[in-house]
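Letters go in sequence order (proteins before strands), and every chain restarts at 1. Only this structure's heavy atoms are used, side chains among them; waters, hydrogens and symmetry mates stay out. Keep in mind that this is a model prediction, so the values were computed, not measured.
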Protein chains: 2
Amino acid sequence: MTIKPAKTMTLSDIARLAGVSESTASRALRDNPVINAQTRQKVQQIAADHQFKVNATARSLRTQKSHTIAVIILFDAKTQQAITDPFLLDILGVIADELTRQGYDMLLSTSKTTDKDWRSYYFDSKRADGLIVIGQGEHDERVEQLSDAGVPFVVWGAATGTERFPVIGSDNRQGAQLAVTHLLAQGCKRIAFLGDIRHTEIEMRYLGYQDALQAAGIKPEAKLQLNTDFTAQAGYLQTQQALFGELGSLDGIFAASDAIAMGAMKALLERGIKVPQQLALVGFDDIAMSAYCTPSLTTVKQDTHAGGKLLVAQLLSRINGGKAASQLLPVKLIERQSSLRKE
Amino acid sequence: MTIKPAKTMTLSDIARLAGVSESTASRALRDNPVINAQTRQKVQQIAADHQFKVNATARSLRTQKSHTIAVIILFDAKTQQAITDPFLLDILGVIADELTRQGYDMLLSTSKTTDKDWRSYYFDSKRADGLIVIGQGEHDERVEQLSDAGVPFVVWGAATGTERFPVIGSDNRQGAQLAVTHLLAQGCKRIAFLGDIRHTEIEMRYLGYQDALQAAGIKPEAKLQLNTDFTAQAGYLQTQQALFGELGSLDGIFAASDAIAMGAMKALLERGIKVPQQLALVGFDDIAMSAYCTPSLTTVKQDTHAGGKLLVAQLLSRINGGKAASQLLPVKLIERQSSLRKE
DNA sequence: CAGCATATTGCAATCGATTGCAATATAGCC
DNA sequence: GGCTATATTGCAATCGATTGCAATATGCTG
């Protein structure tokens with residue numbers, strides 16, 4: 001028996017229909033054990049019959065909990081691109097689904113237009129119980145203020161172990177080391193690094209690049225690190241203009257993202273440089289297209305699924321009185337045509 | 001003078017500091033013209049000094065407006081992929097930014113885990129004032145129910161002019177016609193269509209494909225329409241298995257999305273088929289990578305920026321008592337290497 | 001000064017759910 | 001039946017902002 005309500009019902013209507021007080025109806029709907037089982041069943045049945053939903057704003061006001069998490073995507077001020085663009089949809093989807101499962105709603109906004117003071121906007125006005133920031137940018141002051149305010153939040157970014165707030169992210173250093181070690185194993189002697197190290201995550205990838213070179217007894221050359229924005233266009237232009245101007249010969253490129261790598265690849269192919277025979281290429285992110293470009297791109301895969309779940313788990317732990325800790329997620333090298341030379 | 005509050009302030013605190021009643025303080029903060037300018041200024045200054053933010057839940061309860069819009073991303077039940085994946089980030093970003101500008105918050109969820117009854121969950125419980133659904137899927141029943149309920153919502157999808165609710169979307173038919181007309185102009189004689197016409201948007205693209213053929217005096221062959229999921233992988237496999245099995249010779253492919261096109265391209269290149277000389281290829285969406293694959297992909301660009309803005313504008317118009325109408329957005333053919341044959 | 005019109009402000013109620021504590025009901029034991 | 005312990009329920013207050021309407025203040029005119 002499903003009755004279509006003519007107007008939005010309130011708990012008061014349900015209570016009246018059940019012949020109990022509003023407080024009893026409220027407790028019954030929330031499975032409060034002090035309510036007799038028969039009463040509880042009756043109230044819940046009536047509510048179900050009427051597709052009754054508690055007024056979320058009334059509940060939030062009374063309980064001082066919104067059951068809402070705000071997610072802010074941090075954009076790079078210069079390119080208006082998120083460093084996490086490649087897998088942003090994946091991670092957002094996981095976060096959204098996981099929050100829904102935990103009984104939370106998810107607010108989404110971007111750093112482009114968000115109010116300057118996140119603490120005030122989200123916490124003081126009771127819009128959200130917690131915050132997930134996607135990306136670290138170049139040490140955004142607003143993130144530091146959140147930390148100062150002691151509000152519950154977590155960040156997807158580069159977990160260095162030294163930050164004052166919980167950061168979840170892939171092991172960028174390890175991923176880069178895997179990539180460059182692989183290029184060396186393919187016989188590459190001189191490898192360029194395309195990526196903007198002013199971003200912590202990319203800085204960690206550069207450290208991993210250096211780790212791999214040093215482990216092979218090769219001294220890293222500073223001029224082989226080329227700051228590159230996170231777009232295929234930047235990768236294309238940088239490869240065109242910088243790689244073949246003053247750097248000398250290269251036989252490898254480690255690009256800090258797949259987008260950069262694809263732009264680089266196009267520049268290489270246009271110059272008639274055979275990939276990977278003459279120059280081997282590795283990206284980072286394993287975007288959907290990486291397997292389907294020609295040649296397919298070797299890349300480092302981040303576990304965005306685990307990342308999204310972990311962000312939610314850590315934040316909810318913090319909200320519920322527990323702790324939230326930084327954590328590094330494992331990465332995996334995905335070998336494809338762009339770097340696999342025939343022996 | 002910025003004073004850091006020791007605890008969350010309420011309007012009551014601000015009123016006390018200003019020496020006025022709460023109702024005066026409330027009216028002053030909202031620029032109500034019945035309040036004297038001097039009083040208004042005083043209250044607003046004190047609020048600013050304390051970084052005061054009105055409690056959003058209290059306001060929502062009293063005003064019966066949440067100032068929140070829920071955005072639901074509709075996933076294809078089979079592939080767990082959104083048809084709008086290629087430009088979803090773009091459109092979400094525009095929607096988020098535009099809503100922020102209009103003083104609204106944006107909730108995000110996906111159709112994978114959302115409560116079955118959107119009217120009940122979002123409207124009855126006062127979580128949102130309106131709904132934006134991204135994607136139409138295969139005539140999702142939940143969208144029909146929204147229409148029955150008469151709640152304010154808009155959909156990004158295929159505006160056919162016959163739907164009972166406002167749909168904003170690109171002119172898919174026109175876009176496909178442009179693409180196929182272009183392929184014909186490049187000398188293609190037999191063109192396959194890769195896309196799943198069970199989706200309204202793709203169905204419209206197929207109509208445009210047929211329009212172009214008929215305008216050229218060519219009778220469309222049903223067997224050249226191949227249902228293909230919205231992934232590069234599906235495009236790759238379909239092109240491998242179907243195109244070169246029983247279809248006879250082809251010299252053109254119109255793929256209903258860039259992802260499909262890229263998969264198809266890889267399959268063609270692997271077979272040593274020269275693109276576009278032997279077989280010309282056009283996609284749809286103009287994703288970021290389309291310009292940077294090799295050869296770069298000719299595609300149809302959708303104006304997601306205008307689309308996002310229009311979705312918000314139409315929905316807010318509806319919420320504020322006005323009308324919301326379906327609208328078709330213009331598309332543009334972006335000619336690149338994958339279809340440009342040398343004369 | 002009185003009267004009238006308008007500006008300004010504050011009281012009190014409201015929104016709808018939740019919860020502390022007191023009142024009432026129920027069950028068990030002597 | 002009376003007493004005690006426990007179960008169950010309901011009253012009333014609360015959350016914090018907003019707003020209708022009445023009260024009060026102010027300005028102008030005769």
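For R62(A) and dT14(D), a side-chain-to-base donor-acceptor distance below 3.5 Å is present, hydrogens and geometry of angles not being considered. If you check distances only, the side chain of S23(B) does reach the base of dG10(C) with a donor-acceptor pair under 3.5 Å.
Using a 4.0 Å heavy-atom cutoff across all strands shown, T39(B) reaches sugar-phosphate atoms only and no base atom. If you check every strand for non-hydrogen atoms under 4.0 Å, S60(B) touches nothing. The residue V54(B) sits close only to the backbone: its heavy atoms come under 4.0 Å of sugar-phosphate atoms, none of a base.
Remark: N36(A) is in phosphate contact with dT8(D), judged by side-chain N or O atoms under 4.0 Å from OP1 or OP2.
Ranking dG10(D), dA17(C), dA17(D) by closeness to the T10(A) side chain, first place goes to dA17(C). Here dA17(D) is the nucleotide among dT9(C), dT18(C), dA17(D) with the atom lying nearest to any side-chain atom of S26(B).
Both P33(A) and Q64(A) lie close to DNA chain D; mapped to their nearest nucleotides by heavy-atom distance, the more 5′-ward contact belongs to P33(A). Between T63(B) and A37(B), the residue anchored closer to the 5' end of DNA chain C is A37(B), taking for each the nucleotide with the nearest heavy atom. Summary of the strand contacts: R27(B) and L61(B) both lie near DNA chain C, and taking for each the nucleotide with the nearest heavy atom, the more 5' one is attributed to R27(B).
Atom-to-atom, CZ of R59(A) to P of dC15(C) comes out at 21 Å; the value is rounded to the nearest Å. Atom NZ of K42(A) and atom P of dT9(D) are 10 Å apart (whole Å). Atom pair E22(B):CD and dC15(D):P shows a separation of 11 Å (rounding to whole Å applied). Separating the NZ atom of K53(A) from the C1' atom of dA17(C) is a distance of 16 Å, rounded to the nearest angstrom. Rounded to an integer number of Å, the gap from L29(A) CG to dA17(C) P is 9 Å. For R16(B) and dA17(D), the CZ to P distance is 13 Å, given to the nearest whole Å. Atom CG of D124(B) and atom P of dG16(C) are 12 Å apart (whole Å). If you measure from atom CG of L11(B) to atom P of dT14(C), you get 20 Å, rounded to the nearest angstrom.
Salt bridge R142(A)/D117(A): absent, no basic N to carboxylate O contact under 4.0 Å.
Listed for the N320(B) side chain is a donor-acceptor partner under 3.5 Å among the backbone atoms of L316(B). One N or O on the side chain of D13(A) and one on the backbone of T10(A) form a donor-acceptor pair closer than 3.5 Å.
Side-chain atoms of S120(B) and Q51(A) include no donor-acceptor pair closer than 3.5 Å. Judged purely by distance below 3.5 Å, without hydrogens or angles, the side chains of T24(B) and S21(B) pair a donor atom with an acceptor atom.
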